[in-house]
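Computed over heavy atoms, backbone and side chain alike; hydrogens, waters and symmetry mates excluded. Counting starts at 1 for both ligands and their atoms, following the listed order. The model shown is predicted, which means the values in this text are computed figures rather than measured ones.
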Amino acid sequence: MPFPVPFVRPHLPDSSVVSSDFEDIVASNWFTNFGPKERQFARAIADYVGFDTQATTFTNATIALLASIQVLLGRGDSTRQVVIPSFTFAAGAEAIVWAGYSPLFIDVDRESLQPSIDDAVRAFRDTPGTIAGILLCNTFGIGNSEISQWEQLATAHGVPLIIDSAAGFGSRYPDNRKLGSRGSAEIFSFHATKPFAIGEGGAVVTRDHALDERLKSFQNFGFAAAGGAIQLGLNGKLQEINAAIGLRQLDVIEAAIASRRQTLRQYREALPSDIIAFPVGIELSSLCFATMMVSTPALRDRLQDRLVAAGVEARTYYSPALHRQPYFSDAARVGTLTATDDVCSRILSVPLHPYMAPEDVQLVIDQLQQGVDHA
Ligand SMILES: *Cc1c(COP(=O)(O)O)cnc(C)c1O
């Protein structure tokens, strides 16, 4: 049964706007393969991020992650590992396996919900020689405040730092730089459920021009510009219509983020910070939803039940963590991932989409306040 207040609500341009773009595409008879809309969109993504970055568009972020791993690390074998937090979305770990590598799970920091750099340091110390790369996740699209330390760690061990910023197009790091210009490359998703949505789509953004060329080749069957495969590739191309939608979305991205931030401020002001805590830096993110840490697991469960009973689709996003999902339950890990389990037992994610009616925002606040009071 659909919830009166759904967890995420795709927000795409009006159909009249999209039909006029589709008329252009039909008139040019150019539907995919680096048409004018895709070329313009790739340029616009890089310009939006800034810092002399390049962007390659992809059919979705999962293929973009696979492309980045394959091109930067080469093809793996199962004895070689890529460090990744267990507290993330499955796509990153699946891309690691598709590229031939094994995931090595690390824990999270309980307050920031970002991957634990101490665990990554430990991983390099305890398993020397087997780690081929790091797949950092900017958790919920929130820019990691330790990004420079992560870059230094990767450099010190001579491995690429690939950053899964899937939910964070438009988010900023604490130094106010937009996500997209750090590490070896950053990956974004433009899936319908993300804050910046075009249907299915994604991109890899990097400052490394040579890497960008190889990604563009990978996404087109590994072909060289002159034709003929020069590397292993696949078909990961973005269609013209999705690129056209992306160009329209770029016109409204800042307004959509501002609206989400306004709702976050309302949640924050209304809720007791000693019982419901928001992750550090969430206010600088583009906010796919509002994630909060509740003081105890029992209260988290009660608040979720209450919201659901009131018609609000509240979730416990990234829970279960990857090491608790059947396919990854035997995967290698650093330590026992106790912080990840703790976070999963207390995390609660509530809707925060633009154009949520004021009474829907109030309903979320009322249910949370009453649930806390009755605890
Ligand atoms: C959404 C998401 C993905 C997958 O993106 P798709 O475009 O749907 O393939 C990968 N990683 C993270 C962290 C995500 O949030």
Which word best sums up how the rings of His157 and Phe124 line up, parallel for under 30°, tilted for 30 to 60°, or perpendicular for over 60°?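 Parallel.
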Relative to each other, are the rings of Phe221 and Phe223 parallel, tilted or perpendicular (30° and 60° limits)?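 Tilted, since the angle between the ring planes falls between 30° and 60°.
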What protein heavy atom sits nearest [atom], and how far off is it?
atom: atom 12 (C) of ligand 1; value: Ala166 CB, 3.3 Å
atom: atom 9 (O) of ligand 1; value: Thr62 OG1, 2.6 Å
atom: atom 15 (O) of ligand 1; value: Lys194 NZ, 3.0 Å
atom: atom 11 (N) of ligand 1; value: Asp164 OD2, 2.8 Å

Check Phe188 against ligand 1 and report side chain, backbone, both or neither, counting heavy atoms closer than 4.0 Å.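 Near ligand 1, Phe188 shows nothing, with every heavy atom at 4.0 Å or more.
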Interfacing atoms of ligand 1 (cut-off 4.0 Å, heavy-atom, Ala61): 5 (O), 6 (P), 7 (O), 9 (O)
Contact with ligand 1 for Tyr318, non-hydrogen, under 4.0 angstrom: yes
Identify which of Gly199, Ser165, Ala91 has a heavy atom lying nearest to atom 10 (C) of ligand 1.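 The residue whose heavy atom sits nearest atom 10 (C) of ligand 1 is Ala91.
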Taken to the nearest 0.5 Å, the spacing of Arg324 CZ from Asp341 CG works out to 4.0 Å
Hey, is OH on Tyr317 packed in by over 12 heavy atoms from elsewhere, all under 6.0 Å? no
Can an N or O of Ser189 be found at a distance shorter than 3.5 Å from an N or O of ligand 1? yes
Based purely on interatomic distance, does Thr88 place a nitrogen or oxygen under 3.5 Å from a nitrogen or oxygen of ligand 1?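 Not met; the criterion fails.
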Ring centre gap for Tyr48 and Phe196 strictly below 6.0 Å: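 Here the rings of Phe196 and Tyr48 have centres that are no less than 6.0 Å from each other.
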Please identify which of these residues, Leu264, Thr291, Val364, Val8, meets the side-chain contact (heavy atoms from CB on, under 4.5 Å) condition with Leu352.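 Single pass found, and it is Leu264.
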Within the side chain of Glu240, is there an N or O that forms a donor-acceptor pair under 3.5 Å with the backbone of Lys37? yes
